[in-house]
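This report concerns only the one structure given below.
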Amino acid sequence: MGGTTMCARWHIPATDQRDELVVTMLLCDEVSITQGDNHVIVAKKQLTKLADKLYFLDQAFRVDARDVVEALCCSD
């Protein structure tokens, strides 16, 4: 993570098809998301929109996907 200080870390276990997912809250108002060789840094100002999209995607696997897709496509 290039020397960036962290204050919390969560490990989401690997699945049969994907590596473990590591979510790290950084002290510089950012969140690091790492899976295998892939690494993304999300700014504090981006977290709400990212969380909203992830929630809708999670719901797509649980309910009528058509409603979820419409909600995603109609939102910013």
Side-chain angles (χ1 to χ4, degrees):
M1 274 189 287
T4 303
T5 307
M6 67 171 194
C7 62
R9 178 176 282 168
W10 298 271
H11 296 266
I12 300 169
T15 67
D16 292 341
Q17 299 174 348
R18 300 287 177 219
D19 292 340
E20 174 186 53
L21 188 66
V22 180
V23 179
T24 306
M25 184 166 50
L26 306 173
L27 292 177
C28 53
D29 290 337
E30 295 176 327
V31 173
S32 165
I33 303 171
T34 304
Q35 185 178 47
D37 292 333
N38 300 308
H39 185 79
V40 175
I41 300 290
V42 181
K44 179 181 175 181
K45 291 181 178 183
Q46 297 173 304
L47 284 176
T48 299
K49 286 194 177 223
L50 175 62
D52 289 346
K53 301 308 184 231
L54 291 173
Y55 173 79
F56 281 122
L57 291 170
D58 180 53
Q59 293 303 302
F61 292 104
R62 300 171 190 265
V63 296
D64 182 2
R66 182 176 37 190
D67 293 339
V68 175
V69 170
E70 286 177 11
L72 283 172
C73 292
C74 294
S75 66
D76 292 330

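Bear in mind that the values here come from a model prediction, so they are computed numbers and not experimental data.
- Asp58 is linked by a side chain to side chain donor-acceptor pair (under 3.5 Å) to Arg62, counting only residues two or more places apart in sequence or in another chain.
- The two atoms that bring Gly36 and Thr34 nearest to each other are O-CG2, 3.8 Å, heavy atoms only.
- Here the side chains of Leu26 and Ile41 are in contact, with some heavy-atom distance below 4.5 Å.
- Residue Leu50 is tested with Val31, Ile33, Val40 for a side chain to side chain contact (heavy atoms under 4.5 Å, CB included); the sole match is Ile33.
- Under the 4.5 Å side-chain heavy-atom criterion for grouping Ile, Leu, Val, Met, Phe, Trp and Tyr, Leu54 is not connected to Val22 through any hydrophobic cluster.
- Annotation: side chain to side chain donor-acceptor pair (under 3.5 Å) contacts involving residues 11-20, sequence neighbours excluded, comprise His11-Glu20.
- Within the model, atoms CG of Leu27 and CE of Met25 stand 8.0 Å from one another, a figure rounded to the nearest 0.5 Å.
- In the hydrophobic clustering of this structure, Leu21 groups with Val42; members are Ile, Leu, Val, Met, Phe, Trp, Tyr whose side-chain heavy atoms approach within less than 4.5 Å, directly or through other members.
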